[in-house]
Amino acid sequence: MLSIYNTLTKQKEEFKPINPPNVNMYVCGPTVYDYFHIGNARSFIMADIIRRYLEYKNYKVKYVMNLTDVDDKIIKKSIQENKEAKSVAEDFVKAFFEDINKLKIKPADIYPKATEHMNDITKLIEELEDKGFAYNVDGNVFYDVSKFKDYGKLSGKKIDDLESGARIEINEEKKNPLDFSLWKKAKPGEPFWSSRWGNGRPGWHIECSAMSCKHLGETFDIHAGGNDLIFPHHENEIAQSEAANGKKFVNYWIHFGFLNINDEKMSKSLGNFFTARDIVKKYSPEAVRLSFAQTNYAGPLNFSEELLSSAEKGLEKLRNLADKTNEELKNKSKDGIFPEFDFARYEKNFEAAMDDDFNTPQASAVIFDFAREVNKAAAENASLHFEFYQSVKSFLGKTAEEVLGILDLSDQSQLSGNSIENELIELLIKLRAEAKIEKNFKLSDKIRDSLKEIGIILQDSKDRTTFKKNKP
RNA sequence: GGCGCUGUAGCCAAGCGGUCCAAGGCGAAGGUCUGCAAAACCUUUAUUCGUCGGUUCGAAUCCGACCGGCGCCUCCA
């Protein structure tokens with residue numbers, strides 16, 4: 001039984017999809033005005049792991065992630081760079097796809113863009129206005145927070161408390177300082193769309209209400225995003241959608257904790273951020289994923305180089321096992337024994353961990369325990385039956401590769417597609433073996449060291465020497 | 001001021017009433033194997049879970065107070 005911590009109820013709840021085995025899931029995507037940073041990456045990766053686990057549980061997930069391609073920040077950037085807002089958005093949409101691909105994030109089923117849903121957006125605003133939840137002031141349309149009685153139910157805020165807070169901007173046009181923009185009147189030079197209130201563009205929150213409804217229905221299962229979106233963004237989405245449809249908007253709200261640098265929030269506005277693409281130049285995407293998976297998705301995560309390099313080191317253990325497994329499967333040894341090994345127990349433990357609100361730290365601990373026990377069996381026995389390794393590969397494939405995305409089980413032992421290179425290496429290995437027999441260790445070590453310098457690692461085992469490409 | 005999160009070994013981090021005299025990763029120390037490496041395995045590394053009280057047969061886990069850290073309430077994942 002899968003349980004999920006629901007921000008709306010502030011407790012763990014059993015997950016019951018509306019229409020099993022289908023699960024409809026919406027994740028707030030990027031505003032495409034810059035490369036996304038490693039903090040954004042945490043949300044995207046953890047959402048990806050949640051999606052992958054739901055698929056592991058045989059749910060049919062419809063995964064939608066919006067791309068906000070009209071926005072103040074995009075307009076600002078376009079002015080700075082002296083480009084069309086549209087081309088800024090297009091450039092960073094392209095970069096977004098490159099980056100998520102690099103991070104091994106499975107693509108969503110649909111990536112709706114605000115600019116492609118203007119009719120849906122204006123229709124929703126019209127509906128809100130017609131029902132009395134919105135008001136038009138000279139081409140600017142605002143949501144009237146006082147009309148929605150449940151306002152604040154997600155973030156646990158009360159309208160009165162919010163009003164007494166000192167940090168709300170004063171806007172003469174608004175009836176209430178908490179009211180928010182649904183439609184912004186176009187200023188000269190800004191991109192605009194026509195509407196019954198005149199030319200303008202949508203406010204920040206409305207696109208998510210319009211697009212999630214269009215692609216996932218009026219009520220859907222899961223809505224996820226960063227912690228900071230709880231208020232006001234998600235609160236406002238609820239207000240818009242529930243006022244318009246008269247139905248519950250979302251059953252399960254999932255929020256991701258922040259990634260900090262030196263215990264301080266990393267954000268674009270503070271300027272202390274690393275882009276995901278820069279991080280992936282230095283560390284493998286699997287290490288990035290593991291370091292995120294090793295801490296609970298909801299809490300803060302203090303990001304550092306040590307975190308990544310310790311994940312990279314830990315991953316080595318898993319990669320070595322994967323390489324060994326592939327090697328053994330090639331040999332198809334039937335001579336070896338099939339040790340006593342409780343594969344089912346590991347699967348059960350993995351699922352129990354993930355079922356408990358996606359406890360990825362626990363789940364990865366299960367995988368490391370598994371790896372140790374397999375290695376132990378291999379160390380204690382001269383050889384193991386290849387069917388044992390088939391089960392090993394199957395377990396790692398389901399968990400580490402498919403769900404967490406921290407391991408690539410495709411055969412990495414050969415240098416890709418260059419057989420002459422491989423034959424040359426085999427030749428050197430043979431020469432080195434001969435040198436070793438003659439006790440010419442100076443030569444044999446020289447071969448090993450020289451190959452290491454060009455990124456080829458030799459490892460001696462009892463009866464043969466294997467090589468592998470050194471991964472950055 | 002309101003709302004929420006958080007304090008566990010050198011570092012990161014699970015556990016949230018007994019099966020925990022506390023997982024897993026990194027690091028460190030010793031050992032096995034090896035010509036030497038590497039890999040792998042074994043052992044050691046928290047008498048203790050921010051502090052002080054309380055509840056309980058039993059608490060890292062529940063309650064209270066106190067001391068720290070962080071986030072949201074303004075664009076932000």
Side-chain angles (χ1 to χ4, degrees), chain A residues 7 10 27-31 33 36-47 71-73 76 152 155-158 160-169 178 204 224-233 235 255-260 263-270 273 290-291 293-296 298-304 306-318 320-321 323-324 349 353 356 359-369 371-380 436 439-442 444-445 448-449 452 457-462 465-466 468:
Chain A
T7 312
K10 293 181 183 57
V27 180
C28 283
T31 300
Y33 72 104
F36 66 81
H37 59 60
I38 192 71
N40 298 304
R42 161 132 101 143
S43 291
F44 299 153
I45 286 171
M46 293 320 289
D71 173 87
D72 290 348
K73 293 190 289 295
K76 195 174 151 200
S155 55
K157 297 182 190 307
K158 297 180 189 72
D160 293 346
D161 295 338
L162 287 166
E163 282 174 349
S164 60
R167 298 168 79 186
I168 297 167
E169 66 172 304
L178 291 173
W204 175 36
N227 239 311
D228 58 334
L229 296 180
I230 295 172
F231 190 91
H233 187 240
E235 194 69 69
H255 289 97
F256 305 112
F258 269 109
L259 192 147
N260 297 152
D263 289 315
E264 212 184 28
K265 172 181 159 181
M266 149 152 57
S267 74
K268 287 176 182 170
S269 46
L270 288 177
F273 70 94
L290 210 218
S291 58
Q294 279 183 315
T295 155
N296 184 277
L301 188 162
N302 206 20
F303 183 80
S304 64
E306 292 95 302
L307 185 77
L308 251 10
S309 57
S310 95
E312 198 82 79
K313 280 306 282 271
L315 225 39
E316 256 326 283
K317 195 174 285 186
L318 263 26
N320 286 331
L321 178 59
D323 290 344
K324 182 178 173 58
N349 289 162
D356 182 16
N359 189 335
T360 50
Q362 189 67 52
S364 50
V366 172
I367 293 172
F368 280 104
D369 281 338
R372 188 172 0 92
E373 199 185 331
V374 171
N375 282 324
K376 189 176 176 183
E380 283 171 354
K436 278 172 70 176
K439 302 232 184 281
N440 185 351
F441 297 122
K442 209 175 153 190
S444 67
D445 288 351
R448 186 175 62 200
D449 294 344
K452 191 178 177 185
I457 310 289
L458 298 190
Q459 291 187 346
D460 295 337
S461 59
K462 276 202 183 80
T465 299
T466 55
K468 63 174 186 172

Sugar-phosphate, base or nothing in reach of A:Gly299, heavy atoms under 4.0 Å: nothing

Validation row: A:Met266, A:Ile38 side chains within 4.5 angstrom (heavy atoms): yes

Side chain of A:Met266 - closest among B:C12, B:A77, B:A23: B:A77

Whole-Å gap separating P (B:A13) and CD (A:Gln294): 10 Å

Criterion side-chain contact (heavy atoms from CB on, under 4.5 Å) against A:Ser291, the qualifying member of A:Leu308, A:Leu301, A:Leu315, A:Ile45: A:Leu308

Nearest-0.5 Å distance that lies between atom OG in A:Ser364 and atom CD in A:Gln294: 5.0 Å

Atom P, compared across B:G27 and B:C12: separation rounded to whole Å: 15 Å

Test: A:Asp445 and A:Arg448 ion pair at under 4.0 Å: yes

Sugar-phosphate, base or nothing in reach of A:Asp71, heavy atoms under 4.0 Å: nothing

d(CG, A:Asp228; P, B:G71) in whole Å: 12 Å

Test side chain to side chain contact (heavy atoms under 4.5 Å, CB included) applied to A:Asn375 and A:Arg372, step by step: CA-CA 5 Å; A:Asn375 282 324; A:Arg372 188 172 0 92; 5.7 Å; no

Rounded P spacing from B:G17 to B:C63 in Å: 11 Å

Interatomic distance, A:Leu308 CG vs B:G27 P [rounded to whole Å]: 14 Å

Same-atom distance (C1') from B:A77 to B:A60, integer angstrom: 31 Å

C1' gap between B:A22 and B:A46, integer Å: 8 Å

Rounded interatomic separation in angstrom, taking NZ from A:Lys10 and C1' from B:C72: 12 Å

Integer-rounded Å distance: B:C3 P and A:Ile230 CD1: 15 Å

Protein-to-nucleotide contact annotation, 5' to 3' order, nucleotides 34-40 of chain B [B base; S sugar-phosphate only; - none; under 4.0 Å, heavy atom]: -BBBBSS

Sugar-phosphate only, base, or nothing, as touched by A:Leu259 at under 4.0 Å among non-hydrogen atoms: base

Among B:C5, B:A23, B:C73, the one nearest A:Ala365 by side-chain distance: B:A23

Whether A:Phe44 and A:Phe36 hold their rings parallel, tilted or perpendicular, with breakpoints at 30° and 60°: perpendicular

Straight-line distance of A:Ser43 OG to A:Asp228 CG, nearest 0.5 Å: 8.0 Å

Each stem that RNA chain B is part of, given as range with range (3 or more consecutive Watson-Crick or G-U pairs, under 3.5 Å): B:1-7 with B:67-73, B:10-12 with B:24-26, B:27-32 with B:40-45, B:50-54 with B:62-66

Whole-angstrom distance between B:C66 and B:G71, as gauged at atom C1': 22 Å

Rounded distance in Å between the P positions of B:G68 and B:A23: 32 Å

Touch class at under 4.0 angstrom, heavy-atom based, for A:Asn359 against every strand present: sugar-phosphate

P atoms of B:G53 and B:U61, separation to the nearest Å: 14 Å

Per A:His37 side chain, nearest of listed nucleotides B:A77, B:C73, B:A14: B:A77

Atom-to-atom span, CG of A:Leu307 to P of B:A13 - whole angstrom: 8 Å

Toward the 5' end of RNA chain B, by each residue's nearest nucleotide, A:Ala298 or A:Gly29: A:Ala298

Short side-chain N/O contact from A:Ser310 to OP1 or OP2 of B:C11, under 4.0 Å: no

Between B:A14 (C1') and A:Asn349 (CG): distance, integer Å: 14 Å

More than 12 heavy atoms of other groups within 6.0 Å of A:Lys10 NZ: yes

Nearest-angstrom distance from the residue atom CG of A:Asn296 to P of B:G24: 19 Å

C1' gap between B:G24 and B:U8, integer Å: 14 Å

Sugar-phosphate only, base, or nothing, as touched by A:Phe258 at under 4.0 Å among non-hydrogen atoms: base

Closest non-hydrogen atom pair between A:Thr360 and A:Ala293, with its separation: OG1-O, 2.8 Å

Between OG1 on residue A:Thr295 and CG on residue A:Leu290, distance to nearest 0.5 Å: 12.0 Å

Interatomic distance, A:Ser304 atom OG to A:Asn260 atom CG [nearest 0.5 angstrom]: 11.5 Å

